[in-house]
Amino acid sequence: MISYEPFKKLTKTDIKVLSILWSAPEPLTASQMASEDPSFSINTVQATIRKLLSNNYIEVSNIVYSGTVLARTYKPTLLQKDFALAKLTYEYHRIENALSIADFITALLQSESDSDRLRQDIKEIRQLLEQYESHL
């Protein structure tokens, strides 16, 4: 089971930096991250990197030349999927008195517009439910 508690402390800026790293095909330097979002200054990115490093959300991947100076490159330590699942789990537990798991799944299924993907999701949900039911 994924622990969701640590994710509640991430700011929008933290998540933006993580998103930039997740979408990058290779580790990035701070200046590369800053250039990805016009609202970022290099100081903001560097402060965010320090926070993410200290909380083990990212790690130094390598030291490379950026022009004529050496720079660290960074990569995330967790997959975007794991982050998303943990964040959804955290948010669900905040409102679980108002929303059942069935309500949540129903809303997700109703929001899917791709019928092929919907069929595949339903098939996978059935399999998961059968597995969980056999362990009760």
Side-chain angles (χ1 to χ4, degrees):
M1 184 171 163
I2 297 170
S3 170
Y4 57 85
E5 277 301 311
F7 297 101
K8 69 180 180 180
K9 296 177 183 162
L10 291 175
T11 65
K12 288 180 184 179
T13 302
D14 299 336
I15 294 170
K16 273 187 182 181
V17 168
L18 283 169
S19 295
I20 289 168
L21 289 170
W22 284 320
S23 63
E26 57 191 39
L28 299 175
T29 64
S31 59
Q32 288 171 318
M33 286 182 247
S35 69
E36 289 290 319
D37 189 321
S39 69
F40 283 161
S41 71
I42 189 66
N43 294 332
T44 299
V45 171
Q46 288 173 335
T48 303
I49 286 171
R50 282 190 298 275
K51 178 182 175 185
L52 294 173
L53 277 170
S54 70
N55 290 306
N56 297 315
Y57 292 113
I58 64 173
E59 65 186 10
V60 175
S61 173
N62 204 355
I63 297 176
V64 299
Y65 277 100
S66 177
T68 58
V69 298
L70 290 172
R72 293 181 181 105
T73 59
Y74 302 93
K75 65 180 181 180
T77 58
L78 70 161
L79 298 174
Q80 189 172 16
K81 177 182 176 180
D82 292 338
F83 173 81
L85 289 171
K87 188 76 170 150
L88 281 171
T89 303
Y90 169 73
E91 293 299 332
Y92 170 74
H93 284 291
R94 288 181 56 207
I95 60 169
E96 67 185 322
N97 292 334
L99 185 70
S100 71
I101 292 174
D103 292 334
F104 187 65
I105 292 172
T106 300
L108 291 173
L109 292 174
Q110 288 174 344
S111 70
E112 181 57 62
S113 59
D114 181 341
S115 59
D116 290 334
R117 182 171 179 188
L118 184 59
R119 280 189 199 90
Q120 182 61 33
D121 288 342
I122 291 170
K123 181 181 175 183
E124 289 175 21
I125 291 168
R126 277 193 184 118
Q127 291 170 348
L128 287 169
L129 289 173
E130 288 170 7
Q131 289 174 1
Y132 277 96
E133 193 171 45
S134 70
H135 289 87
L136 290 179

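- The main-chain N or O of N62 is found under 3.5 Å from a side-chain atom of T73 such that the two form a donor-acceptor pair.
- Using modelled atom types and a 3.5 Å distance limit, the side chains of T11 and T13 yield no donor-acceptor pair.
- Neither side chain, E36 nor Q32, offers a donor N or O lying under 3.5 Å from an acceptor on the other.
- E91 places a side-chain heavy atom less than 4.5 Å from the side chain of R94.
- A continuous path of hydrophobic side-chain contacts links L108 to L99 [ILVMFWY only; heavy atoms under 4.5 Å].
- Side-chain contact between L21 and K75 is absent, with no heavy atoms from C-beta onward closer than 4.5 Å.
- Of the possible polar contacts, one joining the D114 side chain to the D116 backbone as a donor-acceptor pair under 3.5 Å is found.
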Any chance you could lay out the side chain to side chain contact (heavy atoms under 4.5 Å, CB included) test for I122 and R119, step after step, and finish with the verdict? CA-CA 5 Å; I122 291 170; R119 280 189 199 90; 5.9 Å; no
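- A donor atom on one side chain and an acceptor atom on the other are not found under 3.5 Å apart for N43 and S41.
- A donor-acceptor pair is defined here as one N or O able to donate and one able to accept, closer than 3.5 Å; no such pair exists between the side chain of W22 and the backbone of V17.
- Partners of N56 by side chain to side chain contact (heavy atoms under 4.5 Å, CB included), not counting sequence neighbours: none found.
- I125 places a side-chain heavy atom less than 4.5 Å from the side chain of L109.
- Under the 4.5 Å side-chain criterion, counting only non-hydrogen atoms from C-beta, L10 is in contact with L18.
- Between D103 and T106, the side chains place no donor N or O within less than 3.5 Å of an acceptor N or O (distance only, hydrogens not considered).
- Residues Y74 and V60 are in side-chain contact: their nearest non-hydrogen atoms beyond the backbone lie under 4.5 Å apart.
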